[in-house]
Amino acid sequence: MAQAEKVLVTGGAGYIGSHVCKALAEAGYEPVVYDNLSSGYADFALWGTFIHGDILDTGKLLEAIREHEPAGLIHFAACIEVGESVKAPGRFYRNNVGGTLSVLEAMRLSGLRDLVVSGSCAVYGAPESVPIPEHAPLRPVSPYGASKAMMERLLDDFEAAHGLHTAVMRYFNASGADPEGRIGERHVPETHLIPRVFMAAAGEIPGLALFGDDYPTPDGTCLRDYIHVNDLASAHILALEKLRRGARNLKINLGTGRGYSVLEIVAKSREITGKNIPCTLMPRRPGDSPALVGKVERAAGDLGWTAAFSSLENILGTAWNWFVRDRERREFHLRRAPSIRA
Ligand code: UFG
């Protein structure tokens, strides 16, 4: 039997990276996970080979590429929380910009050509209208968004100078979990809306802090375009295959084109969990955009992709299933870090 082609996945032990590794394995590839486990988990690295390494270590990345000779690289390893980026921008620029530069250098030095990266709709900032097309100006409002925009610029420059083929997947709000419940969203501390809603439903926190209800949106709370992590996974594989066939410089939104408000997420979660979810109104969170909803036709046209898993029922249903299964581990962390209960 022919050997499976390998794909190097930085951040492959994280939330989105692990779902991509599962999808790669199901599509007949062998993922090579490269992760420093700073926010990833060894028990998420269930497919392929695991290398414990930091993306800032260009030498080690280069070694991994030379040893495994992957067909391409998918780069996830990054800092992700918008609010944190406002408080600690240095860490975001170091990991997201410096880390991407290191990945690009390792690719240049090894001759590896094809790169798919985890981008973000945060590069659009607070656009005047939604849905947002890919040609909208990049005007990030948080250091996180700025770091992702800078990352895109690095890719463009390396493509032009060194012949790399790159694809940026600008995702809207990654959500949901593996329907089999083996992997899912697990951040410590957890800052994302859906897991926090479930923490409130399960009584792990006294209630959900509702960050602002005076935005210019229908119910005053922020609108986001929630996209199931399995749909993100299939898009990354389609993009990599497209690069391998010769495509270059892809910038693609991944969302559903439909926004849900924070209050709509809470209401649907009450239905799905059957639990009461208390909410407390808090001031706006710095760095938040009122509405981020994608125009998503390019993904369908260029990649032949559809968001097949991303109904709100499926997103919240798979996320709740995972949340309940992962509870024991989360409680262990909560016992160790009681300050994140607030
Ligand atoms: N929110 C609350 N209470 C909470 C948590 C969140 O009201 O306890 C609100 C936020 O203010 C925001 C919305 O819920 O309006 C969604 O917040 P998340 O933290 O879940 O997601 P973000 O939109 O801030 O950011 C996420 C990822 C980024 C990515 C971005 C794209 O963290 O990496 O989606 O929108 F870039």
Side-chain angles (χ1 to χ4, degrees), residues 11 14-17 39 76-87 92 95-96 117-127 130-132 138 140-149 151-152 168-176 185-187 189-201 204-229 232 253-256 259-269 277-294 296 315-316 319 340-342:
Y15 170 42
I16 305 173
S39 54
F76 293 100
C79 300
I80 59 160
E81 309 86 4
V82 175
E84 277 304 302
S85 80
V86 178
K87 294 184 214 150
F92 281 70
N95 281 324
N96 299 3
V117 306
S118 156
S120 171
C121 66
V123 294
Y124 298 120
V130 293
I132 313 163
L138 305 192
V141 294
S142 65
Y144 167 75
S147 75
K148 289 280 166 170
M151 185 181 95
E152 292 201 15
V168 178
M169 305 283 99
R170 290 181 186 155
Y171 1 116
F172 286 71
N173 285 54
S175 46
E185 192 164 7
R186 187 201 283 154
H187 301 118
E190 186 52 78
T191 62
H192 292 91
L193 177 64
I194 295 174
R196 298 283 303 174
V197 166
F198 291 162
M199 287 164 81
E204 290 179 13
I205 53 174
L208 178 79
L210 196 66
F211 295 136
D213 70 348
D214 57 350
Y215 284 98
T217 59
D219 65 20
T221 64
C222 291
L223 289 179
R224 293 289 182 273
D225 181 345
Y226 294 90
I227 177 83
H228 196 287
V229 65
L232 293 180
N253 282 346
L254 296 177
T256 63
Y260 289 96
S261 73
V262 175
L263 287 176
E264 283 176 311
I265 296 292
V266 172
K268 192 74 187 174
S269 299
I277 301 171
C279 295
T280 311
L281 183 59
M282 301 291 280
R284 290 182 178 194
R285 189 175 65 175
D288 276 343
S289 292
L292 287 169
V293 179
V296 293
I315 285 175
L316 294 175
I340 66 170
R341 275 178 177 279

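In each ligand, atom 1 is the first atom listed, and ligand 1 is the first ligand listed.
- At the top of the distance list for atom 13 (C) of ligand 1, counting protein heavy atoms only, stands Val262 CG2, 4.0 Å.
- If you check each of Phe211, Tyr215, Tyr260, Tyr226 against atom 16 (C) of ligand 1, the one with the closest non-hydrogen atom is Tyr226.
- Which parts of ligand 1 touch Leu292 is read off a 4.0 Å heavy-atom cut-off, strictly below it: atoms 35 (O).
- The side chain to side chain contact (heavy atoms under 4.5 Å, CB included) search around Asn96 returns Ala78, Cys79, Phe92, Tyr144, Ser147, Lys148, not counting sequence neighbours.
- Arg285 NH2, 3.3 Å is the protein heavy atom nearest to atom 17 (O) of ligand 1.
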### Worked verdict on Asn173 versus Ser175 for side chain to side chain donor-acceptor pair (under 3.5 Å)
CA-CA 6 Å; Asn173 285 54; Ser175 46; over 6 Å; no
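- Between the side chain of Arg224 and the main chain of Phe172, no donor-acceptor pair closer than 3.5 Å is present.
- For ligand 1, the atoms sitting less than 4.0 Å from at least one non-hydrogen atom of Leu210 are 7 (O), numbered in the order shown with element in parentheses.
- Ligand 1 places these atoms under 4.0 Å from at least one heavy atom of Arg196: 8 (O).
- Looking only at protein heavy atoms, the nearest one to atom 11 (O) of ligand 1 is Asp288 OD2, 2.5 Å.
- At a threshold of 4.5 Å between non-hydrogen side-chain atoms, the residues Val86 and Pro143 count as touching.
- In terms of protein heavy atoms, atom 32 (O) of ligand 1 is closest to His192 NE2, 2.7 Å.
- Close approach to Thr191 involves these atoms of ligand 1, each under 4.0 Å from a residue heavy atom: 5 (C), 19 (O).
- Atom numbering of ligand 1 starts at 1 in the shown order; those under 4.0 Å from a heavy atom of Cys121 are 31 (C), 35 (O).
- Interface of Ser120 with ligand 1, defined as ligand atoms under 4.0 Å from a residue heavy atom, comprises 29 (C), 36 (F).
- Polar contact with ligand 1: present for Leu193 (N/O pair, distance under 3.5 Å).
- In this structure, His187 and His192 have tilted ring planes: the angle between them lies in the 30° to 60° band.
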### Message
Please evaluate residues Thr217 and Ser261 with respect to the criterion side chain to side chain contact (heavy atoms under 4.5 Å, CB included), reporting the C-alpha separation (whole Å), side-chain torsions for both, the decisive distance (0.1 Å), and the verdict.
### Response
CA-CA 8 Å; Thr217 59; Ser261 73; 5.8 Å; no
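- Of the protein's heavy atoms, Val82 CG2, 3.8 Å lies nearest to atom 25 (O) of ligand 1.
- Here the side chain of Ser289 pairs a donor or acceptor atom with the backbone of Gly125 at under 3.5 angstrom.
- The nearest protein atom to atom 30 (C) of ligand 1, hydrogens excluded, is given as Asn173 OD1, 4.1 Å; this is a heavy-atom distance.
- Nearest protein heavy-atom neighbour of atom 28 (C) of ligand 1: Ile80 O, 3.6 Å.
- Looking only at side-chain heavy atoms (C-beta outward), Tyr260 and Ile315 stay at 4.5 Å or farther from each other.
- Residue contacts with ligand 1, taken as heavy atom pairs separated by less than 4.0 Å, involve Arg224 solely via side-chain atoms from C-beta onward.
- Side-chain contact check for Tyr171 and Ser118: at least one donor-acceptor pair (N or O, by modelled atom type) lies under 3.5 Å.
- Atom CD1 of Ile227 is separated from atom CE of Met169 by 12.0 Å, given to the nearest 0.5 angstrom.
- Side-chain polar atoms of Thr221 and Asp213 form no donor-acceptor pair below 3.5 angstrom.
- Ligand 1 has no nitrogen or oxygen under 3.5 angstrom from a nitrogen or oxygen of Glu81.
- For Asp214, the salt bridge (charged side-chain N to carboxylate O under 4.0 Å, His left out) test picks out Arg284, with sequence neighbours left out.
- Distances below 4.0 Å separate heavy atoms of Ala209 from the following atoms of ligand 1: 2 (C), 3 (N), 4 (C), 7 (O), 8 (O).
- Of all atoms in ligand 1, listed by their number and element, those nearer than 4.0 Å to a heavy atom of Cys222 are 15 (O).
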